[in-house]
Protein chains: 2
Amino acid sequence: MAAWLTAEEQRAWRRTAAVFTLLPAALDAQLQRDAGLTQFSYLVLAMLSEEPGRTMPMSELASMVSSSLSRLSHVVSRLEKQGWVSREPCEGNGRVTMARLTDAGWEKVVATAPGHAEEVRRLVIDAVGPERIADLDAITGAILRRVDPGGKMRANPMSQGC
Amino acid sequence: MAAWLTAEEQRAWRRTAAVFTLLPAALDAQLQRDAGLTQFSYLVLAMLSEEPGRTMPMSELASMVSSSLSRLSHVVSRLEKQGWVSREPCEGNGRVTMARLTDAGWEKVVATAPGHAEEVRRLVIDAVGPERIADLDAITGAILRRVDPGGKMRANPMSQGC
DNA sequence: CCTGCACGGTTGAAGCATCAAGTGTAGGGT
DNA sequence: ACCCTACACTTGATGCTTCAACCGTGCAGG
């Protein structure tokens with residue numbers, strides 16, 4: 001029988017839970033309004049934009065954005081229809097397909113990033129304040145280690161070739 | 001032109017974003033597995049269970065779980081179909097409808113709560129550690145004030161009658 | 001070889017969230 | 001009395017997510 005939550009713990013958890021519903025909604029709203037993108041689809045574009053060559057295997061991309069391959073596949077299909085991403089087979093490895101950020105996709109990211117970053121700063125970074133950023137980092141790191149014991153901070157398994 | 005994110009800020013935000021995708025997924029998975037409930041539908045049941053009389057106007061319930069009335073209405077329809085909640089008109093105020101937790105719903109909450117609380121403790125409370133709970137509370141409070149300036153901690157507008 | 005099996009990826013159906021539009025009630029003005 | 005707006009919902013369509021099933025490729029063992 002697990003120990004129950006104390007009053008202080010309960011209060012902290014209630015607030016935390018509220019943040020977990022309201023903050024994603026707020027960020028999604030900003031992206032939807034200004035760019036017609038989901039937080040998730042933006043993240044996909046952003047990840048590709050940071051990769052040298054702006055291209056990555058689907059499965060690697062999936063793990064970078066912490067999603068199932070299925071979800072990513074659907075989203076990439078939509079992004080492809082909008083002309084921001086293209087799929088191409090990987091030579092020398094018939095079963096991986098690469099997602100590539102098109103020029104139009106790059107433009108989209110460039111146009112969208114500043115507004116989104118500003119919103120993140122306003123709602124999170126500045127709200128927390130410079131003296132507590134380290135606390136935020138420590139807390140989220142601690143939670144991450146429980147939620148994702150494998151570690152999202154893994155060394156990358158050197159994507160050979162492609 | 002908003003100031004860009006520093007390296008430390010960026011690192012903290014990346015981790016935070018990861019937590020915001022993985023933690024809800026983990027909590028949802030536990031509830032789905034053990035009770036066949038969404039985090040959101042569980043929250044609805046839990047809120048009703050804490051109310052004296054186990055009943056509340058839809059709109060008040062909606063604001064307690066930070067959702068639109070539309071979303072709540074759909075969810076309550078499903079919960080009603082499962083026999084855990086019932087809708088009834090409010091006498092003396094023809095336009096509010098009350099959501100009531102049925103006995104079966106109460107049983108459901110009683111059966112589900114301990115497992116869920118245990119998971120919250122495991123993934124969040126214990127991960128953060130007792131000496132940092134206050135930090136968690138402060139940080140989430142600060143973010144909440146930006147995201148929801150109206151304040152989720154409002155004094156309740158005295159639900160007259162019903 | 002070639003059989004089996006795991007991996008990478010796609011697809012379709014079902015469930016849940018969101019949005020826009022609709023219903024009916026309450027209350028205020030004239 | 002009458003309208004007109006605001007409120008408290010509900011409903012239906014649309015879109016995204018999840019789940020299960022599927023296809024083709026590579027690879028290891030017999």
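Just so we're on the same page: letters track the sequence lines, and every chain starts at 1.
- For A:R78 and D:dT17, the shortest distance from a side-chain N or O to OP1 or OP2 is below 4.0 Å.
- Judged by distance alone with a 3.5 Å cut-off, a donor-acceptor contact links the side chain of A:S70 to the base of D:dC19.
- Under 4.0 Å is where a charged nitrogen must lie from a carboxylate oxygen, and between A:R122 and A:E119 at least one such pair does.
- Here the nucleotide nearest the side chain of B:R87, chosen from D:dG26, D:dT17, D:dT10, is D:dT10.
- Atom CG of A:D28 is separated from atom P of C:dT18 by 9 Å (rounded to the nearest Å).
- A salt bridge does not link A:R132 with B:D135: every distance from a Lys NZ or Arg NE/NH1/NH2 to an Asp or Glu carboxylate oxygen is 4.0 Å or more.
- Residue B:T97 places at least one side-chain N or O closer than 4.0 Å to OP1 or OP2 of D:dT10.
- Whole-Å rounding puts the A:L61 CG to C:dT10 P distance at 11 Å.
- Regarding B:Q82, its CD atom lies at a distance of 11 Å from the P atom of C:dG15, rounded to whole Å.
- Taking NZ of B:K108 as the reference point, atom CG of B:L45 lies at 9.0 Å (rounded to 0.5 Å).
- Of the possible donor and acceptor atoms, one in the side chain of B:T102 sits under 3.5 Å from a partner among the backbone N and O of B:G83.
- When the nearest nucleotides of DNA chain C are assigned to A:M58 and A:Q32 by heavy-atom distance, the more 5′-ward of the two goes with A:M58.
- If you measure from atom CG of A:L37 to atom P of D:dG15, you get 15 Å, rounded to the nearest angstrom.
- Nearer the 5' end of DNA chain D, as judged by each residue's closest nucleotide, is the contact made by B:S59, out of B:A25 and B:S59.
- In terms of polar N and O atoms assigned as donor or acceptor, the side chain of B:H74 comes within less than 3.5 Å of the base of C:dT18 in a complementary pairing.
- Counting to the nearest Å, the P atom of C:dC7 and the CD atom of A:E60 are 17 Å from each other.
- Rounded to whole angstrom, the span from the CG atom of B:L69 across to the C1' atom of C:dA20 amounts to 15 Å.
- To the nearest angstrom, C1' of D:dG15 lies 17 Å from CG of A:L31.
- The interatomic distance linking B:N93 (CG) with C:dG27 (C1') rounds to 11 Å, in whole Å.
- In the set C:dA17, C:dA6, D:dG12, C:dA6 carries the atom at the smallest distance from any side-chain atom of A:R95.
- Mapping A:S73 and B:F40 onto DNA chain C by nearest heavy atom places A:S73 closer to the 5' end of the strand.
- Not one N or O on the side chain of A:S41 forms a donor-acceptor pair closer than 3.5 Å with the backbone of A:L37.
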